[in-house]
Amino acid sequence: MPEGNVIHRLARAHDRDLAGRRLAVSAAQKRFAKEARALDGRVLDRAEARGKHLFHHWRHGPIVHIHLGMFGDFYRRELPAPPLRPTVRLRLASRAAVWDLIGPPTCEIVTEDEYAAILARLGPDILSARPDARRALERLKRTDAPIAHALLDQRIVSGIGNIYRAEALFLDGLHPLRPASSLTMDELEKLWTTVRRMMRRGVARPRISTIEPADRIRARRAEPDGRSFYVYGESLCLRCGSSVRSFPLSGRTMYACPVCQPAASVPRARK
DNA sequence: CGATTATGATTAA
DNA sequence: TAATCCTAATCGC
């Protein structure tokens with residue numbers, strides 16, 4: 001269940017374990033068996049993350065496009081490789097490690113043109129080295145949909161998912177139903193910075209935690225194990241203890257604190 | 001053992 | 001909005 005941070009993390013790991021090497025490629029399912037045979041014994045040049053899309057660029061041509069959707073995941077297996085389980089769509093094995101791809105709605109070989117078309121419909125990747133923030137922010141400024149909805153629109157900005165939209169809006173004290181166009185440019189810039197900071201931390205660490213250093217002590221008191229989120233999936237706000245509101249928004253569950261994210265500027269007309 | 005749920009997105013209606 | 005694609009873990013019975 002990956003957001004952009006996971007995809008970027010995977011691209012790094014694949015570069016480390018697999019890139020520049022001749023790989024043994026296999027598949028347990030029929031779906032990708034023919035493609036796997038075609039790739040077997042070839043060299044992977046590099047892995048590339050773009051938003052929530054992962055691309056494998058193989059030497060002399062083929063590009064594999066992978067999207068993990070809601071359930072897909074890559075598992076790193078230690079050597080020697082365990083037997084292929086029936087749900088493995090694609091296995092990539094080098095002398096360093098084995099990676100198994102499970103449950104992706106998308107795993108396909110694409111042409112250069114198809115690759116370009118996928119990139120063309122993505123907004124700036126908030127995790128890329130130098131994302132075009134201006135372009136994304138101006139687009140948000142022209143969007144009347146709720147800010148929490150707009151943040152998930154991959155054509156506006158790519159990489160953000162359901163956890164980060166909830167947590168970033170919380171940290172910036174923004175009500176999720178405010179129209180994106182009603183935010184000031186300052187608020188939008190601050191939001192961009194907040195999401196980028198959170199997500200970059202999510203690339204560096206194996207587990208997502210959105211909690212700022214200043215709140216960590218409180219988090220530990222709330223749950224000795226160390227809590228990961230302010231409002232996402234929680235029933236009580238980490239900051240003020242109010243009961244967290246959860247409701248469907250853009251087909252997902254949104255979480256927000258009614259006190260820390262005041263509704264003051266939300267117009268009555270909504271839905 | 002079936003129902004439910006989960007960090008996603010496209011297509012059709 | 002609903003149906004579709006995909007897997008695994010959890011919960012109630």
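Note on naming: letters A, B, ... go to the chains in the order of the sequence lines (proteins, then strands), and numbering restarts at 1 for each one. Computed over heavy atoms, backbone and side chain alike; hydrogens, waters and symmetry mates excluded. Since we're looking at a predicted model, the values are computed, not measured.
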Inset, instruction - Return one dot-bracket line describing DNA chain B 5' to 3' (Watson-Crick or G-U wobble pairs, both distances under 3.5 Å; ( ) same strand, [ ] crossing, | another strand, . none). - result: ||||||.|||||.
Inset, instruction - Would you indicate, yes or no, if dA9(B) has its OP1 or OP2 atom less than 4.0 angstrom from a side-chain nitrogen or oxygen of Arg155(A)? - result: no
Inset, instruction - Specify the separation, in whole Å, of atom CG of Leu127(A) and atom P of dT7(B). - result: 18 Å
Legend entry - Listed once per pair and sorted, the salt bridge (charged side-chain N to carboxylate O under 4.0 Å, His left out) pairs that draw on residues 195-216 of chain A, sequence neighbours left out: Arg197(A)-Glu212(A), Arg201(A)-Glu212(A), Asp215(A)-Arg239(A)
Inset, instruction - Any salt bridge (charged side-chain N to carboxylate O under 4.0 Å, His left out) involving residues 104-115 of chain A? Give me the pairs, sequence neighbours left out, ordered by first then second residue. - result: none
Legend entry - Whole-Å P distance, dA3(C) and dT4(B): 15 Å
Inset, instruction - Any chance you could list the contact pattern along nucleotides 2-9 of chain C? Use B for base contacts, S for sugar-phosphate-only contacts and - for none, protein heavy atoms under 4.0 Å, 5' to 3'. - result: ---BBBS-
Legend entry - Distance-only polar pair, side chains of Ser94(A) and Asp17(A), donor-acceptor under 3.5 Å: no
Inset, instruction - Please state how far atom CD1 in Ile163(A) lies from atom C1' in dT5(B), giving the value in whole angstrom units. - result: 14 Å
Legend entry - P atoms of dA13(B) and dC5(C), separation to the nearest Å: 15 Å
Legend entry - Whole-Å distance separating the NE2 atom of His149(A) from the P atom of dT1(C): 10 Å
Inset, instruction - Mind calculating the distance between CD (Glu234(A)) and C1' (dA6(B)) to the nearest angstrom? - result: 15 Å
Inset, instruction - Measure the distance from CD on Gln154(A) to C1' on dT11(B) and round it to the nearest whole Å. - result: 17 Å
Inset, instruction - Figure out the CG/P separation between Leu152(A) and dA9(B), and round it to whole Å. - result: 8 Å
Inset, instruction - Rounded to the nearest angstrom, tell me the gap between atom CG in Asp153(A) and atom P in dA9(B). - result: 10 Å
Legend entry - Tyr230(A) OH to dT7(B) C1', straight-line distance once rounded to whole Å: 18 Å
Legend entry - Touch class at under 4.0 angstrom, heavy-atom based, for Arg207(A) against every strand present: nothing
Inset, instruction - Apply salt bridge (charged side-chain N to carboxylate O under 4.0 Å, His left out) to Asp153(A) and list each qualifying residue two or more places apart in sequence or on a separate chain. - result: Arg155(A)
Inset, instruction - State, yes or no, whether a side-chain contact exists between Phe170(A) and Cys257(A) at a heavy-atom distance under 4.5 Å. - result: yes
Inset, instruction - For residues 119-130 of chain A, pull every pair meeting side chain to side chain donor-acceptor pair (under 3.5 Å), keeping only residues two or more places apart or in separate chains. - result: His8(A)-Asp125(A)
Legend entry - dT7(B) OP1/OP2 closer than 4.0 Å to side-chain N/O of Lys52(A): no
Inset, instruction - Could you check if a side-chain atom of Leu68(A) sits within less than 4.5 angstrom of a side-chain atom of Leu101(A), using non-hydrogen atoms only? - result: yes
Inset, instruction - With P as the reference atom in both, quote the distance from dA2(C) to dT5(B) in angstrom, rounded to an integer. - result: 15 Å
Inset, instruction - Can you label the angle between the His57(A) ring and the Tyr115(A) ring as parallel, tilted or perpendicular, going by 30° and 60°? - result: perpendicular
Inset, instruction - I would like to know whether Leu92(A) and His56(A) meet side chain to side chain contact (heavy atoms under 4.5 Å, CB included); could you show each step before the answer? - result: CA-CA 11 Å; Leu92(A) 302 170; His56(A) 282 164; 3.5 Å; yes
